[in-house]
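Heads up: the structure comes next, in structure tokens.
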Amino acid sequence: MALFSVEDLRVAFRRRGRATTAVRGVSFAVEPGRTLALVGESGSGKSVSLLAATGLLPGHAEVGGRALFRGTDLTRLTRAELRRVRGRHIGFVFQDPLSNLHPLKTVGAQIAEAVTAHERVGRAALRRRVLDLLGEVGIKDPERRIGDYPNHFSGGMRQRVMIAMAIALNPELIIADEPTTALDVTVQASILALLRRLQESHGTALIFVSHDLAVVSEIADDVVVMRDGEVVETAPAAELYAAPRHPYTRELLAAARHGRALVRPPSAPSAPSAPSGPDAGGVPLLRASGLHMSYRGPGRGEPFRALTDVSFDLREGEIVGLVGESGSGKSTIGRIVAGLARPTAGSVSLRGEAYNGPGGVRLPKSLRPEIQVVFQDPYGSLNPRRTVAATLAEPFAVNTGLPAAEIRTRVEALAARVELPPTVLHRLPSQLSGGQRQRVAIARAIALRPSVVVADEPVSALDITTQTQILALIRRLRDELGTSFLFISHDLGAVAALCERVIVLNHGRVVEQGPVHRVFDEPRDAYTRTLLDSIPGRVAHV
Amino acid sequence: MSDLLTEKTYGGEEAVRRFPAVRAVLAERSVRAGLVLVGLVVLAALLAPVAAALTGHGPDQQFRAEALSENGLPIGPSATFPLGADGNGRDVLVRTLYGARISLLVGVPATTLALVAGTAVGLVAGFFPGRTDRLLSLGTDVALSFPFVVTALSLVALNRGGDGEPVVDPVLLVILVIALFSWTYFARLTRGLVVVLRNRPFVEAAVSIGVSRRRLIVREILPNVLPVVAVYWAVQLPVNILAEATLSFLGVGVQAPTASWGNMIAEAQRTSLYQVQPWFLLGPGIAMFVTVLGFNAIGSGIRSVLDPQG
Amino acid sequence: MRRHIAAHAARALATLLAVLVITFAMTRIAYRNPAAVLAPRNATQETLDGITRALRLDEPWYLQLWHYLFRGPDIQGAPMGLFNWPPGLGYSFRQQRPVTELILSKIPVTLSLALGALAIWMTLSILFGVASAARPGSWLDRVLSALSYAGLSVPTFLTGILLSYFLYFTLSSYGLKWFPASGYVGLTEDPLEWARHLALPWLTIAVAEIGIFQRVVRANMLDVLGADYIRTARAKGVSERRVLFGHALSAALNPVITLGGLELAALMGGAIVTEQIFGLDGVGRLAVEAALGGDFPVVIGTTILAAAIFVVSTFAVDVVTRLRDPAAR
């Protein structure tokens with residue numbers, strides 16, 4: 001018999017008298033000790049289904065259908081009865097470990113509470129148990145860390161604390177909702193390993209929610225693919241990866257594979273025949289040399305070194321990837337190249353003319369249009385109170401003396417170039433999808449035909465199918481306009497698919513740079529190797 | 001030039017869609033209730049002269065013969081005096097309606113003045129970090145540290161010229177004093193908003209395009225600040241209406257015989273006549289409650305739509 | 001943290017200094033013949049000259065300020081400037097007493113009034129706010145929110161009049177003398193009478209403050225209750241009461257503390273209207289009478305006191321909220 005099964009689950013949210021359906025008729029089941037993955041893009045209803053089944057949705061949600069846990073329908077339990085199931089029999093691990101831990105309570109107190117919510121335990125025994133749990137999830141020196149607050153922990157360690165809370169009472173089932181999405185790849189790999197190990201040693205069943213089929217391939221026995229609140233395909237993992245039946249599953253799988261086609265050589269730059277190879281002569285388009293950046297923190301002590309001696313070139317019509325985990329300094333480099341931040345030492349020059357450095361070196365007005373940026377957050381990068389047309393007209397209005405009619409023509413041409421339908425021009429950013437917003441941001445960046453575009457994680461906030469489209473757009477723009485891109489990303493797959501060369505950063509230092517296939521196929525640096533080994537899905541050949 | 005393009009070519013027919021919030025705000029129950037109450041108050045203020053004409057009682061006119069009993073006590077509600085009379089034989093209803101005029105006439109300009117001054121200070125402080133910000137923030141702190149009532153009293157006391165006559169019109173002075181004590185609210189609010197907006201990617205993107213500092217403030221930052229500030233105008237207005245009433249109650253705001261709810265209530269309390277003629281107190285009291293309640297309902301209704309958590 | 005505190009303290013001192021200079025300059029510039037304003041009625045020319053000498057009124061105002069800070073009025077021989085020890089705030093020629101002495105004599109009343117009211121309104125606001133936020137939209141939430149609207153919309157002076165009418169006049173007309181209409185009895189003299197005399201004033205202040213704070217508590221609780229870590233607590237099986245009071249309230253309290261500090265400071269600077277209606281002889285009344293009568297040494301003294309309380313309480317609130325926040329420690 002299934003340990004936990006959801007049958008014909010329906011969820012609707014009621015707001016101001018109007019109901020919107022989020023989940024319609026979803027069914028799935030997990031056997032004791034097995035791992036079931038729920039896969040789908042944002043809005044597919046995968047998290048909502050599980051929260052609804054366990055009574056964790058806010059009051060305005062209406063839930064129908066059944067959620068059977070060891071034969072008991074959870075949707076029929078009172079709040080108090082449900083409370084006794086959660087924590088004791090079903091443990092939870094959520095996505096963002098920072099927002100999911102109470103900021104004003106120590107991690108020790110929060111783990112202890114997972115125990116005391118269900119059992120009466122003496123102080124000394126409780127402390128012992130918390131220390132054991134911390135040790136079990138791999139927190140070093142638990143004696144010292146038990147009294148720390150979540151903000152003293154790294155993302156990965158916070159997720160370990162979340163896992164410690166989930167396993168505190170040795171539940172039969174753990175529900176993990178995107179547990180590794182907010183984490184760096186190397187950390188993701190270690191958390192997945194921890195979950196697998198705990199599951200084996202405790203015989204716990206696991207429901208693993210993810211948007212990423214590659215990550216899922218590392219852990220799942222069975223997979224349920226969801227879309228728009230419905231299940232489109234349910235299959236054992238091996239079967240699903242070998243022979244996906246539903247076209248949507250195939251699409252997701254293709255996107256996951258495309259992003260991770262590390263061995264495929266990237267298409268050669270077709271536009272202006274750029275000199276390639278490290279020994280190409282002449283002045284590069286953009287050169288960063290000896291960049292240093294340090295911040296003085298709020299306390300005393302050493303200033304924090306964000307960048308140490310970073311040098312690289314960007315050639316005409318080239319897409320260079322800048323990869324590294326969070327805190328590696330990649331965004332800082334992007335801001336320095338874009339002229340939005342100033343390095344403590346070193347300089348950046350365009351066609352041999354230095355335009356950013358410490359002291360008086362500043363981007364001259366004539367060079368301003370030459371270097372543009374695209375930011376990660378498509379919500380924040382557009383003024384919420386201006387229409388798309390107004391945003392796209394701004395570069396022309398500020399830098400050219402063109403008449404309104406001419407600007408209008410150019411705006412329309414620009415929209416067409418980034419494949420935006422003309423109907424969106426009079427809309428506000430809030431009325432656009434994430435992908436459309438990012439297209440607007442890219443259009444604004446290329447409006448003045450810059451030589452260099454710094455794209456800081458331009459696809460990481462987007463769904464995987466949209467990611468593929470935006471990456472294709474960037475490549476097409478490079479091919480058509482000959483613009484050089486500095487593509488900043490934590491996603492090695494995206495870099496492999498898009499870039500000619502790659503720069504690998506670790507703790508503010510360049511550890512390796514070179515052509516993408518060389519670096520990814522024969523990494524010379526140990527850190528690059530770790531990074532590559534952590535990419536999920538390599539084992540299962542996703 | 002691009003204004004033409006952005007606002008007219010694309011924006012015109014989309015006016016409602018540009019402000020989807022307007023419809024949502026009007027759908028909020030407390031906003032509609034508040035609008036009804038405030039509408040009533042505005043109507044009362046506008047119709048005050050009509051009421052005076054209909055009853056034949058001017059706001060400051062005394063009818064000792066008709067409105068006071070033999071032992072000099074004011075009469076209660078009657079056909080000629082719908083809300084009765086006060087201790088001087090004046091019509092409480094007419095005076096209450098005229099009080100609405102004073103309330104709005106002081107509250108609205110004082111709050112608007114505070115908004116303009118505070119927003120300007122906040123914009124500058126938020127946009128220029130460092131010394132400018134520190135100096136303006138210190139100024140805001142200083143203004144906040146002054147005790148409102150005592151300082152207001154001193155200012156009013158200082159307003160008496162050598163011959164005992166006020167130098168500045170007392171109503172104008174009350175407006176200025178209230179504005180002086182509420183601009184800080186808008187300054188802090190605006191500064192906070194600008195500091196956040198200044199580092200938003202869309203502002204940095206505008207910098208990359210080469211937008212000038214002035215255009216950055218006017219086109220990118222101000223449009224995002226103004227709607228919020230406008231909401232807080234509605235939130236601050238009832239507070240300022242209460243401030244006027246309090247000053248008038250203490251005898252330093254609007255001066256008798258001009259009718260203000262504050263000085264009417266003060267008179268009712270000082271003479272204890274409200275125990276004989278409760279409408280002497282209830283007339284202005286209820287009017288004031290309705291006004292402040294109406295504006296509070298609108299203000300917090302809009303806030304709950306625009307910022308569901310606030 | 002230490003650097004932050006030092007910076008804040010410096011800013012607080014600068015603020016106070018500015019308040020002092022502005023108030024001082026304002027009173028000295030505004031009056032052409034301050035001695036006549038300051039003196040008791042029917043004072044002789046001799047007295048007026050004495051006042052002029054004591055305050056150095058024949059010198060420029062900035063020298064007078066200097067004198068005020070480092071020496072004080074030459075009345076009793078000993079220095080009583082603001083920067084002397086014990087600090088002096090000047091001398092009221094009207095009341096023939098040093099300002100510090102006057103203020104100190106009024107402080108127990110104001111302190112009793114402010115702290116008692118604070119205790120009442122904070123307790124009730126937190127209870128009401130949490131109850132409202134626990135079930136938003138329920139009948140209890142609607143009733144409490146409506147009450148808070150009402151409290152917010154009634155001016156303090158009207159609340160005071162109505163309370164004293166219903167709880168004093170009406171009750172005493174039935175022979176129930178529960179609450180006295182006015183007056184003050186020291187806490188050390190008779191604690192019960194102290195509370196009985198202050199009950200109505202406390203209630204008057206609390207009505208208005210609950211109107212503000214119930215909504216602040218409710219809004220912040222709703223905000224926090226939507227946070228991920230509250231869902232985590234529920235996912236652990238923590239009881240709803242512990243979720244509300246143990247998890248949500250502690251996180252929602254910072255804005256409440258901040259606003260509470262400001263309101264408390266404003267009250268300690270003088271709960272003028274309440275003191276007036278209930279005949280309490282506190283700092284507020286002292287200040288009002290001085291301001292209306294032009295007794296400006298007292299005006300300056302009470303203004304500086306109010307500003308100092310404001311600045312200190314902002315400082316205290318900042319320190320407390322920082323201590324509560326592990327990220328800032």
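Protein chains get the first letters and strands the later ones, always in sequence-line order, with residue 1 at the start of each.
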What are the two closest non-hydrogen atoms of [X] and [Y], and how far apart are they?
X: Thr246(B); Y: Val273(C); result: CG2-CG2, 3.6 Å
X: Leu152(C); Y: Val292(B); result: O-CG1, 4.2 Å
X: Phe146(B); Y: Ile22(C); result: CZ-CG2, 3.8 Å

Report task. Check whether Thr291(B) gets within reach of chain C through its side chain, its backbone, both or neither, counting any heavy atom under 4.5 Å. Result ->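 Neither part, no heavy atoms under 4.5 Å.
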
**Report entry** Part of Val252(B) lying under 4.5 Å from any heavy atom of chain C
**Finding:**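 Side chain of Val252(B) only, per the 4.5 Å heavy-atom cut-off to chain C.
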
Query raised in the report: With respect to chain B, which residue among Ile277(C), Ile304(C), Thr302(C) yields the maximal number of heavy-atom pairs within a distance under 4.5 Å?
Result: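 Max contact count across the listed options: Ile277(C).
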
Report task. Using a cut-off of under 4.5 Å on heavy-atom pairs, state which of Val154(C), Thr23(C), Thr314(C), Thr303(C) scores highest against chain B. Result ->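 Among Val154(C), Thr23(C), Thr314(C), Thr303(C), the one with the most close pairs to chain B is Thr303(C).
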
Does any non-hydrogen side-chain atom of [Y] lie less than 4.5 Å from one of [X]?
X: Phe249(B); Y: Ile161(C); value: yes
X: Met288(B); Y: Ser153(C); value: no
X: Val150(B); Y: Ile272(C); value: yes
X: Tyr149(C); Y: Ser300(B); value: yes
X: Leu16(C); Y: Ser145(B); value: no

So what's closer than 4.5 Å to chain B heavy atoms on [X]: side chain, backbone, both or neither?
X: Val311(C); value: side chain
X: Ala150(C); value: both
X: Leu158(C); value: side chain
X: Leu305(C); value: neither

**Report entry** Contact residues of residues 272-285 of chain B (partner chain C; heavy-atom separation under 4.5 angstrom)
**Finding:**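 The stretch touches chain C at Tyr274(B), Gln275(B), Leu281(B), Gly285(B).
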
**Report entry** Max heavy-atom pair count under 4.5 Å with chain C, selected residue of Leu250(B), Val149(B), Leu144(B)
**Finding:**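 Option with the greatest count: Leu144(B).
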
Query - Worked verdict on Leu155(B) versus Met26(C) for side-chain contact (heavy atoms from CB on, under 4.5 Å) - result: CA-CA 9 Å; Leu155(B) 288 174; Met26(C) 214 167 69; 4.1 Å; yes

Report task. Would you give the length of the straight line joining atom CZ of Arg270(B) to atom CD of Gln276(C), rounded to the nearest 0.5 angstrom? Result ->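 Output value for this atom pair is 10.0 Å.
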
